[in-house]
J.: 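Below you will find the structure I want to go over with you.
Just so it is clear, the structure is predicted and the values come from calculations on it, not from any experiment. Order of the sequence lines fixes the chain letters, A, B, ..., with proteins taken first and strands second; residue numbering starts at 1 for each chain.
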Amino acid sequence: SEGGSKEGGNKEDKENAERQQSSIAFGDAKASTGPAAEVSGAKPGGTVTVLQRDSFAHLDPGQIYVSDEMSLSQLIHRGLTGYKATSDDGKKHEVVGDLATDSGTTTDGGKTWKYTLKDGIKWADGSPITSADVRHTFERTFAPFVANGPTYIQQWLADKPGTEYRNLLKDGPYKGKSLPDSILETPDDKTIVFHFKKPKPDLPYALAMAGYSMVSKKKDTKEKYDKAPMTAGPYKIQEFKSGKSMVLVKNTNWDAKTDPIRHQYIDQFNFQFNKQFEDSTKAILDDSGANATAVSFSNEVDAGNLSKILSDSAMKSRTISGYQPYVGQMNINLSQPEMQDKTVREAIAYALPITPFVRASGGTQAREVAGGLISPTVSGYNPEFDPFGKKKKPAGDPAKGKELLEKAGKVGLKLTFGYINTPEGQQYSTAMAAGLEKAGFDVQRQEIPAETYYDQVSKVKNNFDIFHTAWGADWPSASTVIPPLYDGRQIADGASNYSHINDQKVNADIDAASEITDPAKAAEAWNKINEYIVKDVVSNIPTAYYKQTQIAGSKIGGLVYDDVIGGVDPRRLFVK
Amino acid sequence: MLRFLLRRIAGSAVILLLLTVVAFLLFFGMPRDPALLMCGKTCTPDALANIHRTLGIDKSIPEQFWIFLSGLVMGRDDFAQGPCPAPCFGYSYHTNEAVWSTLLDRLPLTLSLALGATVAFLIVGLGTGMLAAWRRGTVIDKTFTAGSMVLSSMQIYFLGPLALALLVYQMDLFDEPKYTELTTNPVAWFTGLLIPWAVLSTIFAAQYTRMSRSAMIEQLQEEHVRTARAKGMSRRYVFFRYAWRGSLIPIITILGIDLGTLLGGAIITEYTFGLPGLGMLAVESVNFSDLPLLLGVMLFSAAMILLFNIVVDACYAFVDPRVRLS
Amino acid sequence: MDGEQEPKAKVEEAKKLEGRSPGQLMWIRFKRDRTGVISAYVVIFFFLIGLLAPLISMLYGKDPYTVFADERPELFDSAGVPVQPNGGISGEFWFGLEPGNGYDVFTKLLYGIRNSLMISLAVTVATVLTGIILGVAAGYLGGRTDYWVSRVIDFLLAFPSQLFFIASMPVVVSLFVSPKDETPVYVRVVALIAVQWFLGWMSLARILRGTTLALREREFIEAAKVSGAPPGRIIRKEILPNVVTPLLVQSTYMLPNFVTAEAGLSFLGVGIVEPTPDWGQMFSKASTELVMQNDITYMFFPGISMIIFIVAFNLLGDSVRDAFDPKTAR
Amino acid sequence: MKEDLVLPAPREATPESPGEPLLVAENLTKHFPIKGGFPIRRTVGAVQAVDGIDLTVHVGESFGLVGESGCGKSTTGRLITRLLEPTDGKILYRGQDITHAGRKQLAPIRSEIQMIFQDPYSSLNPRQTVGTIISGPMEINGINPPGGREKRVRELLEIVGLNPEHYNRFPHEFSGGQRQRIGVARALALEPKLIVADEPVSALDVSIQAQVVNLLQKVQDELGIAFLFIAHDLAVVRHFSQRVAVMYLGKVIEVGDRESIYTRPRHPYTHALLSAVPEVDVTGDGEGRRERIRLAGDVPSPIAPPSGCRFRTRCWKAQDKCAAEAPPLVQISGNRDGHLTACHFPEEPTIEAREEDIVLDPALAALEESD
Amino acid sequence: MTTLTKEAGAPVPADEGAFLSVRDLHVTFKTEDGPVRAVNGLSFDLQRGKTLGIVGESGSGKSVTNLTILGLHNPMFTTIEGDIVLDGKELTTARESELEKLRGNKVAMIFQDPLTALSPYYTVGRQIAEPYRKHTGASKQAAWDRAVEMLGKVGIPNPKARAKDYPHQFSGGMRQRAMIAMSLVCNPDLLIADEPTTALDVTVQAQILDLLKDLQREFGTAIIFITHDLGVISDMADDIMVMYAGNAVERGTVDEVLRSPQHPYTWGLLNSMPRIDSDLSAPLAPIPGAPPSLLNPPSGCRFHPRCTFAERVGGARCVTERPLLGPDRASACHLTAEQKRTIFVEEIKPRLG
Ligand SMILES: Nc1ncnc2c1ncn2[C@@H]1O[C@H](COP(=O)(O)OP(=O)(O)OP(=O)(O)O)[C@@H](O)[C@H]1O
Ligand SMILES: Nc1ncnc2c1ncn2[C@@H]1O[C@H](COP(=O)(O)OP(=O)(O)OP(=O)(O)O)[C@@H](O)[C@H]1O
Ligand SMILES: [Mg+2]
Ligand SMILES: [Mg+2]
């Protein structure tokens with residue numbers, strides 16, 4: 001097949017594109033007042049079984065940055081802000097105040113942000129949540145052991161890129177030091193003020209990340225918090241057996257009136273881990289007993305069952321699908337001397353076959369050949385953009401590649417290709433290598449252990465000429481895509497500018513776009529940068545947009561694919 | 001006899017100690033730094049060093065080794081995760097769980113898998129082997145011999161996926177293998193392990209058929225068996241009392257090795273069927289450069305092998321009075 | 001014993017002055033064993049296939065590295081499953097196409113057999129050499145040497161071998177590879193050989209030690225000693241020729257074990273990896289959802305060929321043993 | 001246990017054994033350590049296989065060594081050929097001390113002391129041709145006989161009564177008797193002065209035994225080779241040896257010329273041994289019936305041999321003295337020259353039947369009483 | 001007394017008076033190298049209470065004959081022809097269950113190597129008690145008591161305690177005694193002793209031989225005694241049968257066979273055997289050559305390749321014609337009776353001294 005987007009359909013593309021035109025609004029105090037609007041047909045009670053492949057490695061909000069933990073976090077943790085669904089299909093959202101009374105107020109174009117805590121908000125043990133907890137939450141993100149969570153706000157507060165922010169508060173709040181009022185101000189029990197050096201119009205988005213949910217100051221047990229955190233959401237952890245199971249029960253100290261975004265219909269969530277995609281699919285299809293109320297937050301339908309389910313009309317109401325925020329891309333390491341020749345990069349771009357990646361990931365239902373670096377879930381997505389004709393020739397254009405390589409006089413160029421050592425990685429990297437070799441490259445595949453893959457490719461001094469990564473927006477704005485990945489001033493060990501692109505124009509445009517407060521205009525600016533990078537710099541070759549299809553038991557109600565979460569929205573579920 | 005066992009146990013302890021050393025060295029040869037895994041996206045050299053410190057891998061190898069050893073015997077309380085009573089294998093770098101409890105956690109699956117399969121293949125294998133020996137030269141014998149030859153040449157990584165593909169995916173007769181605690185749901189425990197048991201015991205049973213057949217035939221040619229016949233004992237009696245007893249010795253030897261290996265984690269089986277037992281744990285620990293876990297699994301597996309070596313020796317004594325009384 | 005009559009025998013003797021050595025006798029007995037001979041042919045067939053793989057694939061016109069999923073996309077769906085039934089078997093692709101990247105299964109199997117057998121053969125050779133050196137030394141020298149060799153054997157036998165394999169493969173590989181280049185296939189191969197060898201020689205050494213110990217008690221060794229033969233000569237002339245029998249028998253049992261063990265490692269993903277064709281790596285492909293869910297045809301090619309090979313080799317082993325030692329019951 | 005009595009001079013020449021002493025063993029001892037114990041393995045005891053024996057083999061004579069299974073005959077033979085390292089004592093070959101000589105030091109005399117083994121099946125390397133087997137010793141010792149080794153091998157084959165054409169055959173193509181001949185040929189290849197023959201005929205059929213005995217006799221007579229002839233068959237030893245030593249549990253208990261041992265034995269054990277030999281009465285005259293002695297039980301374990309006289313546990317004459325004191329091997333009164341006996345209470349020098357059978361075996365006694 | 005019958009031609013019916021009567025027995029084994037004719041037309045009889053000694057060299061078919069009487073050969077690889085009549089009952093065609101009743105009960109056997117012939121896994125007492133229970137239906141306790149009694153009888157000291165021992169705790173002589181106790185536990189009418197003393201030392205052998213003789217006297221058992229050793233046989237047997245290559249070559253009472261042997265093979269045996277009282281001046285006179293292969297036995301008289309008297313027969317009779325064993329006292333040789341007598345008296349006897 002052409003591997004491309006035949007079934008994906010242009011209709012859907014357009015729909016997405018349209019949807020992204022209207023970006024997410026920041027809600028006011030009214031929008032931030034609980035309780036959340038009832039889900040139609042919902043009734044309380046019942047137990048839901050959640051089948052998950054991976055056990056939760058982190059429960060400490062400060063360490064949460066992966067999607068399945070973020071889904072869980074929706075149920076147990078609360079932050080200053082959160083996404084409120086404004087439609088019943090999971091496609092429209094608004095950022096509102098969660099623990100805070102609104103999504104935040106700024107008076108100076110985003111440099112100073114003020115938040116006020118609601119009344120009656122409590123931890124699961126009944127103690128009130130105060131501004132001291134909020135301060136503690138942010139201060140501890142500087143502690144060395146908090147290594148896995150997001151870093152936006154820390155960097156903004158410290159006004160430092162990469163990991164240098166840690167110097168602002170080396171040991172976190174644990175050795176008696178704290179952030180000065182000039183940076184983080186908590187004048188009373190209810191008020192929190194952030195002071196940034198530069199405008200940060202995206203703060204309400206950032207605060208909605210699971211990684212910035214609140215941590216109890218009193219109950220903070222540092223490393224151990226990761227296994228038994230204090231919670232504030234509608235559910236609390238009754239039991240957690242790592243690698244096996246978890247039980248969530250209702251948190252009686254959670255007050256619906258304080259929460260505009262969550263519901264508490266279900267009595268109990270029973271998580272089971274180690275359920276491979278095939279297992280969970282099979283169990284849910286089985287639909288008897290506990291399986292009728294089974295769902296998975298992150299497991300997709302496995303590749304083998306996918307087409308069967310998609311073509312089964314009876315399954316339609318139980319099936320949800322949509323894009324994930326990830327975009328796959330082949331990074332060309334611009335630090336490598338041979339890669340500094342743009343013609344060579346173009347040769348790679350033309351020759352690189354995308355089909356192997358699509359194939360290895362399960363076909364066109366799981367991956368869609370990408371034109372640009374901005375996902376369809378993010379504001380500013382442009383479905384028409386496809387400078388190397390990948391959508392038409394997903395298997396690559398070796399002839400064109402060869403022509404360019406010859407033009408550059410580099411036929412037989414040694415190309416070190418670092419690939420992730422998983423069965424999929426092996427599969428697509430060999431086929432990609434075969435495609436590139438047809439264009440005249442001498443591809444040296446280098447395996448990289450899967451567990452340390454990103455650590456290795458994010459070293460500035462790595463030896464790879466090309467390697468594949470995927471990046472998902474942390475919130476539906478390209479501001480969480482373009483700057484971390486393509487800002488030339490962000491090149492550092494562990495940072496995400498994998499291709500080491502350091503283009504003056506890109507840098508300048510990023511600065512400019514960052515300060516645009518109108519979301520729609522910002523989106524357009526970001527897209528421009530995206531197109532410039534792909535077409536003119538040729539440092540990153542987009543490969544595919546990630547798609548995902550999930551199913552649930554027939555007794556599950558309120559099943560919605562939430563674009564922001566990139567999967568089932570667990571907050572709205574109920575048992576029919 | 002008791003002395004002999006004590007000596008074997010002492011010897012086993014020495015071997016375990018050496019094994020620990022080797023595993024330690026092996027780990028330090030591994031081309032990855034476990035701290036990198038834990039360091040996350042925002043790793044700085046400082047953070048890395050900090051993790052090294054908390055993991056204890058900033059110390060010299062002998063020092064770490066010594067700490068590990070003393071922990072095994074006396075327990076430790078210098079972990080951030082909490083006190084760690086003996087036998088303390090430390091905490092996993094990756095999951096932060098106590099290794100010992102992880103091992104115990106994974107053990108029931110491996111135990112169920114190994115023992116269930118063992119029961120099946122012993123009954124089937126010894127039964128068919130003895131039947132073939134009893135009916136030596138007949139069609140039954142020839143069928144069993146040929147069948148066991150082919151089946152024993154099968155590999156789990158072929159028979160397993162084949163069984164999965166045919167029984168689970170294509171014909172949909174069974175669920176995919178999964179593990180449920182016996183105490184939670186005995187029926188689910190049984191059905192969930194049925195295919196792995198069947199596959200494992202098919203291959204093993206075929207081996208035991210061959211083995212017990214040839215052991216029986218060998219025994220039947222023993223002179224003392226002929227004496228028993230000359231005494232007028234019936235063929236059945238001679239077969240089951242005299243020949244069988246002797247044929248047990250080679251079988252016990254192999255069974256000891258097999259059980260030791262199976263209980264130490266049937267890596268390929270667990271991998272094939274996606275069962276999270278000790279074997280899988282081993283693979284995971286290698287993948288994550290998880291030294292404490294790796295050491296734990298290695299020692300555990302080796303201990304199993306050694307334990308069954310000793311059990312085999314004890315069984316010899318049980319079967320053969322010459323061993324018992326010497 | 002073939003009894004012999006001195007006066008009469010002289011006539012015949014003129015005809016066959018050369019005696020028949022035990023080896024020749026074994027060969028005669030072996031040739032009479034039909035199963036053994038057929039098995040031997042099958043085994044030879046496999047080795048020939050391995051040897052001639054490049055030639056065969058040249059004649060057949062394909063190689064195991066071409067990504068047909070990209071070359072001939074019409075034959076596959078977007079997930080890389082051949083669209084035609086039976087794994088895409090056709091006049092062009094005799095054994096079909098591999099789901100995924102769509103390699104040609106026929107050539108892949110040929111080369112897979114070639115690589116697997118090469119590795120296993122190398123392991124066997126290494127093992128046999130080590131087994132001979134250590135086993136014979138321990139058995140013949142006895143005392144301290146024997147004690148330590150035996151302890152080392154005990155120790156290594158207590159190793160959880162598979163676990164050790166998967167744990168040590170990355171380490172061994174990393175010892176050889178410079179970070180710049182692709183891990184050359186030969187490094188993986190050498191590592192595979194080394195790792196399997198490391199935990200593979202003990203049983204043979206143990207058997208040879210036993211044999212040597214028994215031989216040492218045999219009176220012909222004493223006869224040599226009484227004549228003043230130095231130990232070197234005794235080992236070379238008296239012991240080594242006599243361990244050939246157990247050696248040959250053991251090797252015929254060992255080699256198929258190494259083949260399956262090597263395949264097991266590649267199956268687990270620590271042995272040979274894509275795109276190098278290998279038996280075990282084909283099994284690992286065969287056990288993917290893609291194959292199991294869609295079309296299991298692919299699974300049978302590595303599976304059946306390996307079963308035939310192992311069965312033939314085991315039968316051959318039995319026949320070799322019977323030929324050497326006609327007493328043992330079968 | 002160690003013999004600490006003053007020993008009579010063993011080199012005394014007797015009329016039956018002319019010639020120089022060729023090989024002298026003094027207080028020859030071999031203890032095999034038994035390992036065991038817990039937790040550390042150590043030596044916990046010893047098999048006192050040979051416990052201080054004195055032997056002299058003269059040039060050209062055949063010296064017989066008899067005794068029951070396990071009494072240390074083979075060990076003695078292997079000590080003398082230096083296959084084993086003696087625990088104690090001395091071995092002199094032509095006056096030269098070879099007790100602890102290394103392989104190199106032994107080299108010059110290696111060719112002079114050869115061995116013939118018991119088991120015709122295990123004494124020949126199954127993987128070598130007869131030619132290789134017989135020429136092996138020559139090759140090792142660098143002997144190049146005129147006309148080449150092959151010619152010499154063919155000669156040797158002829159000497160031992162085999163077809164020289166058999167040169168290229170393998171041992172498995174021969175019968176037991178023929179193999180034993182090959183063994184003899186191998187021993188002869190180096191033209192030895194002394195051959196230690198460890199039960200060379202006991203594994204052979206009666207009809208073949210005589211072939212080999214005759215061959216050995218021929219070899220001894222014609223080539224003047226001395227033999228240490230080990231056997232448990234008293235009749236064969238009598239046939240072959242001029243002097244005979246009787247061993248019991250690691251000790252020589254009686255030694256003397258053939259005549260003395262077989263017709264005038266003094267030690268009770270020698271009496272018992274001779275009386276136990278089943279005889280074929282071919283003449284049918286039944287005259288001169290021999291005594292009948294039935295010992296009780298088997299030979300005690302050499303790990304913990306009885307104190308004093310080792311035979312006392314099965315001896316009908318045993319008294320307290322026997323337990324306390326080990327009798328020295330001396331020429332007791334009534335013995336001829338060179339006939340030494342180790343006994344406190346020796347028997348009459350005759351093998352004639354006594355008035356009453358000596359039956360020590362309780363079961364036999366009971367059964368016979370009931371008749 | 002042994003009665004002797006014509007071998008070839010019409011088989012003579014079994015002797016009515018004989019307790020055991022073997023007629024024209026052929027035993028052939030199928031082997032990989034071809035059929036092995038281990039016993040080739042053997043006939044003999046045995047009276048109650050008597051001892052028949054069978055001598056012959058290794059491989060002459062002594063053991064095979066006696067295992068055939070007990071029906072212990074594997075029928076898959078063995079063909080048995082001829083008749084074996086024990087106490088009026090035909091054994092070659094008897095069913096396995098009938099044979100089982102017979103074995104250990106009416107006919108018992110003692111094997112050469114008591115170490116391998118006793119099971120290492122069960123106590124000596126149990127192994128002795130087993131056949132007793134089976135054949136007499138005695139209770140466990142009664143059988144055990146009987147075993148202890150038998151052990152005492154064969155001279156095991158402290159039999160009560162030793163019955164609980166395992167064979168490996170016994171010495172060689174004691175094991176053979178236990179073996180004898182086991183064979184006699186059911187008072188068999190026929191005892192087959194297959195080289196019961198070959199593995200033992202002379203002093204122990206003498207004990208065991210005496211024991212057997214005494215027990216035979218007490219129980220009145222008929223014994224077939226197999227051995228290589230003429231000395232032993234002259235001590236034990238009433239009658240002697242000499243076997244060579246699957247045939248009986250000479251038969252008679254002890255006195256007849258040992259004092260006036262008629263067959264060249266018997267002469268050879270006597271001449272080649274050193275005796276404790278023989279004349280030392282005469283060298284031993286071995287039988288030349290080696291025993292024949294049973295796969296491909298010599299034609300005619302099987303002894304002819306080794307026979308020094310074959311020329312005296314004249315012609316090639318020895319090579320072509322198989323000599324028959326006459327009835328009663330007889331030998332299977334083509335020499336005339338006169339020749340045999342003169343050769344023995346003039347050439348053989350003087351050497352025997
Ligand atoms: N290498 C050895 N290690 C330990 N014990 C030994 C060894 N060789 C012999 N013995 C013991 O020494 C004693 C004497 O053995 P030896 O072989 O000399 O007896 P023998 O008289 O030759 O007996 P046989 O007639 O059975 O050959 C026996 O008890 C035997 O078990
Ligand atoms: N089961 C069998 N299969 C094939 N050949 C056999 C079998 N049993 C015995 N024979 C052969 O039959 C012949 C006679 O054997 P048998 O055991 O009767 O000899 P024997 O006279 O008892 O000898 P020995 O004195 O050595 O015990 C031998 O050549 C032997 O190889
Ligand atoms: Mg000996
Ligand atoms: Mg026999």
Side-chain angles (χ1 to χ4, degrees), chain D residues 67-70 174-178 204-214 217-218 232-240 258 262 269 272-284 288 290 292-299 314 359-368 370-371, chain E residues 55 57-59 152-157 171-174 177 200-207 209-211 213-215 217-218 228-236 254-255 258-259 265 268-278 280 283-291 306 349 352-353:
Chain D
E68 283 183 290
S69 177
F174 295 89
S175 68
Q178 288 174 315
L204 302 177
D205 256 321
V206 216
S207 70
I208 308 296
Q209 223 174 20
Q211 298 176 3
V212 178
V213 172
N214 282 354
Q217 220 150 22
K218 187 180 98 179
H232 60 248
D233 187 332
L234 291 161
V236 174
V237 172
R238 173 169 172 272
H239 218 89
F240 190 73
R258 167 165 55 201
Y262 282 86
Y269 176 64
L273 206 55
L274 287 170
S275 85
V277 177
E279 48 181 330
V280 190
D281 187 6
V282 278
T283 46
R290 287 161 43 196
R292 176 167 176 260
I293 301 170
R294 292 298 171 258
L295 297 178
D298 303 291
V299 186
R314 300 171 82 196
V359 180
L360 298 175
D361 192 318
L364 283 183
L367 284 169
E368 273 164 33
S370 68
D371 285 346
Chain E
V55 275
E57 60 200 308
S58 207
K153 214 161 200 137
V154 297
I156 304 281
S171 72
M174 280 160 76
R177 284 168 195 251
L200 304 175
D201 274 322
V202 252
T203 55
V204 182
Q205 163 173 293
Q207 296 163 11
L209 293 181
D210 284 356
L211 183 67
K213 274 190 287 192
D214 290 343
L215 287 168
R217 215 171 311 139
E218 184 168 324
H228 291 280
D229 191 333
L230 285 174
V232 170
I233 222 152
S234 89
D235 202 16
M236 289 292 296
V254 173
D255 284 350
L258 293 183
R259 301 213 182 111
Y265 175 64
L269 276 187
L270 285 169
N271 262 335
S272 60
M273 189 183 62
R275 277 172 298 116
I276 199 110
D277 52 1
S278 60
L280 282 172
L284 299 173
I287 308 177
R306 299 173 75 187
K349 195 153 186 201
L352 293 175

J.: Please report the shortest heavy-atom distance between D/V280 and E/M273, naming the atom on each side.
T.: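 Nearest heavy atoms, D/V280 then E/M273: CG2-CE, 3.2 Å.
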
J.: Under 4.5 Å from any heavy atom of chain D, what part of E/D255 do you find: side chain, backbone, both or neither?
T.: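 Neither; nothing under 4.5 Å.
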
J.: Start with the C-alpha distance between E/D214 and D/E368, add both sets of side-chain angles, then the distance that settles side-chain contact (heavy atoms from CB on, under 4.5 Å), and finish with yes or no.
T.: CA-CA 7 Å; E/D214 290 343; D/E368 273 164 33; 3.0 Å; yes

J.: Please state whether the side chain, the backbone, both or neither of E/V154 comes within less than 4.5 Å of a heavy atom of chain D.
T.: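 Only the backbone of E/V154 comes within 4.5 Å of chain D.
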
J.: Under 4.5 Å from any heavy atom of chain D, what part of E/I156 do you find: side chain, backbone, both or neither?
T.: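 It is neither, since no heavy atom gets under 4.5 Å.
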
J.: Measure across D/V206 and E/L269 and return the closest heavy-atom pair with its distance rounded to 0.1 Å.
T.: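 Smallest interatomic distance, heavy atoms only, reads CB-CD2, 4.3 Å.
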
J.: Considering only heavy atoms and a distance below 4.5 Å, find which of E/A285, E/G231, E/G268, E/S58 pairs most often with chain D.
T.: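 Most pairs with chain D among the choices: E/G231.
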
J.: For E/Q207, which atoms come within 4.5 Å of any heavy atom of chain D: side chain, backbone, both, or neither?
T.: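 Both parts, heavy atoms under 4.5 Å.
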
J.: Quick one: closest heavy-atom pair of D/R238 and E/L280, and the distance?
T.: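 Closest approach of D/R238 to E/L280: O-CD2, 3.7 Å.
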
J.: Given that the side chain runs from C-beta out, which part of E/S272 has a heavy atom under 4.5 Å from chain D: side chain, backbone, both or neither?
T.: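 For E/S272, the contact with chain D is made by backbone and side chain together.
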
J.: Where on D/V213 is there a heavy atom nearer than 4.5 Å to chain E: the side chain, the backbone, both, or neither?
T.: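 Contact with chain E is through the side chain of D/V213 alone.
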
J.: Please find the pair of heavy atoms, one from D/A210 and one from E/P286, that lie closest to each other, and give the distance.
T.: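 Looking at all heavy atoms of both residues, the closest pair is CB-CB, 3.6 Å.
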
J.: D/A365 versus chain E, heavy atoms under 4.5 Å apart: side chain, backbone, both or neither?
T.: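 Neither; nothing under 4.5 Å.
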
J.: Using a cut-off of under 4.5 Å on heavy-atom pairs, state which of E/M236, E/M174, E/H228 scores highest against chain D.
T.: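 Looking at each of E/M236, E/M174, E/H228 in turn, E/H228 comes out on top.
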
J.: For E/D229, which atoms come within 4.5 Å of any heavy atom of chain D: side chain, backbone, both, or neither?
T.: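 Answer is side chain: those atoms of E/D229 sit under 4.5 Å from chain D.
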
J.: Under 4.5 Å from any heavy atom of chain E, what part of D/I293 do you find: side chain, backbone, both or neither?
T.: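 Neither part, no heavy atoms under 4.5 Å.
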
J.: Check D/H239 against E/P274 and note the closest heavy-atom contact, atom names and distance.
T.: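 For D/H239 and E/P274, the tightest heavy-atom pair comes out as ND1-CB, 3.8 Å.
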
J.: Closer than 4.0 angstrom, basic N to acidic O: yes or no for E/D277 and D/R290?
T.: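 No, E/D277 and D/R290 are not salt-bridged.
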
J.: Quick check for you: to the nearest 0.5 Å, what is the distance between E/L211 atom CG and D/D361 atom CG?
T.: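 CG of D/D361 is found 7.0 Å from CG of E/L211.
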
J.: To the closest 0.5 Å, what do you measure between CG (D/L367) and CZ (E/R217)?
T.: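 Atom-to-atom, D/L367:CG and E/R217:CZ are 8.5 Å apart.
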
J.: If you tally heavy-atom pairs under 4.5 Å against chain E, which of D/Q209, D/R292, D/Q217 wins?
T.: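 Greatest number of close heavy-atom pairs with chain E: D/R292.
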
J.: Testing E/L200, E/V204, E/T203 for side-chain contact (heavy atoms from CB on, under 4.5 Å) with D/D298, which one passes?
T.: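 Looking at E/L200, E/V204, E/T203, the match for D/D298 under the side-chain contact (heavy atoms from CB on, under 4.5 Å) is E/V204.
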
J.: Which heavy atom of E/R306 sits nearest a heavy atom of D/S207, and at what distance?
T.: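 That would be NH2-OG, 3.3 Å.
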
J.: Given the options E/G155, E/A206, E/S234, which has more heavy-atom pairs under 4.5 Å with chain D than any of the others?
T.: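 Most heavy-atom pairs within the cutoff with chain D belong to E/A206.
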
J.: Is it the backbone or the side chain of D/L295 that comes under 4.5 Å from a heavy atom of chain E, or both, or neither?
T.: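 Both the backbone and the side chain of D/L295 come within 4.5 Å of chain E.
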
J.: With chain D as the partner, which of E/L284, E/L209, E/I287 has the greatest number of non-hydrogen pairs under 4.5 Å?
T.: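 The candidate making the most pairs under 4.5 Å is E/L284.
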
J.: With a 4.5 angstrom heavy-atom cut-off, is it the side chain or the backbone of D/E279 that approaches chain E, or both, or neither?
T.: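 Contact with chain E: backbone and side chain both.
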
